Amino acid sequence: MKDLMRIKCLISQDIETLLNQQIKKEAHSSSLYLSMSSWCDQNGFDFSADYFAKQSEEERVHQLKLFKYVLDMGGNAVSPEVTGIKTEFAGFREVFEDALEAEIAITQSFKNIASRCHKEQDFVTMEFLNWFLKEQREEEYKARRALELFEVIGEEGTGRWEIDKHVNKITYSEQ
Amino acid sequence: MEKACVDINELINVFSNTQGSIYQSDKLNCFYVDFGGKFARYNCLSLQKLKKIVENIDVEALLLNTNRADFELVTFNGCEHIYLLSALEIVALKDLLHGTFTMFKLNHMVNDCLNRLVY
Ligand SMILES: [Fe+2]
Ligand SMILES: [Fe+2]
């Protein structure tokens, strides 16, 4: 008997489902960052608004990267419905706390997919995931560094203004 | 498509239970689901969709809900077939599809061992 399902598609249905869930998570991240950008802009934090707008675009790129992979492997990529995006934040600091929390959740999610790949011995998807695992290093680093500015600079006086100016300058280099 | 239209000998019985059968055609690269008085043709994608939809039906909720009949309409976007199934039939269809996909997995392993990994 022909192995029809395998002939049609390189990845298993379980992996396909996980990747579609990840597509939704990246879409959610993108919307969340845009929401953060809006909040920052309205509260006078121009540099942070730019920073989050850029992050939002990056998440969209991540989403499309996953989307293309699922389709290229012969799977069914699902355009996600994104709801329940937080629009109100208690303060400037909370925005950055939420951002780091969101990145940690994404890292965890990728670890989960990677563990499934190992279980199935799907080394093809594993190799594809490596890019994202590496990307999460940078994503978490930047979010953590941004939050640390609140400790280093402090929020008193012109602190928040100072923090806002520095957020955009955070860069990550492996060396 | 009616049963008579397909030469039954060309079909491979993937899995059967008391309520129905699922066949595969290696010639046409498609599947036939013999269930609920229907003999319906599916391709890979639509069979996967059918499985997902049937898997997601909560039979317990269906039985416990007194505001509605214990029947469920099963179809999906792009599917040419509609099933009106009782709770018992849904359980049988779940079993049929589960068994079929387990056989697919087994067949995949056999193919790997006998054909793909030999040199
Ligand atoms: Fe991302
Ligand atoms: Fe991210």
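All values reported here derive from a predicted model rather than from experimental measurement. Numbers restart at 1 for each chain; the letters A, B, ... are given by sequence-line order, proteins then strands.
Looking at heavy atoms from C-beta onward, B:Arg116 lies in side-chain contact with A:Asp3 at the 4.5 angstrom threshold. Annotation: side chain of B:Gln48 is not in contact with side chain of A:Lys8 (no heavy-atom distance under 4.5 Å). For the pair A:Met1/B:Val14, a side-chain contact is recorded, criterion being any heavy-atom separation below 4.5 Å from C-beta on.
Nearest heavy atoms, B:Leu45 versus A:Asn76: CD1-CB, 4.0 Å. Here the closest heavy-atom approach between residue A:Leu4 and residue B:Phe31 is recorded as CD1-CZ, 3.6 Å. Scanning both residues, B:Gln24 and A:Lys2, for their nearest heavy atoms gives NE2-O, 2.8 Å.
By the neighbour-count criterion of 12 heavy atoms within 6.0 Å, atom CZ of A:Arg60 is sparsely surrounded, having that number or fewer from other residues, nucleotides or ligands. More than 12 heavy atoms of other residues, nucleotides or ligands sit less than 6.0 Å from atom NZ of B:Lys52. Annotation: A:Lys169, atom NZ; neighbour count of heavy atoms from other residues, nucleotides and ligands within 6.0 Å is above 12.
Linking Ile, Leu, Val, Met, Phe, Trp and Tyr whenever their side-chain heavy atoms come within less than 4.5 Å leaves A:Leu64 and A:Phe132 in two separate clusters. A:Phe89 and A:Leu34 fall into different hydrophobic clusters, defined by Ile, Leu, Val, Met, Phe, Trp and Tyr side-chain heavy atoms under 4.5 Å apart, directly or through other members. No continuous path of hydrophobic side-chain contacts links B:Val91 to B:Leu64 [ILVMFWY only; heavy atoms under 4.5 Å].
Residue contact with chain A, scored on non-hydrogen atoms closer than 4.5 Å, involves the side chain of B:Asn111 exclusively.
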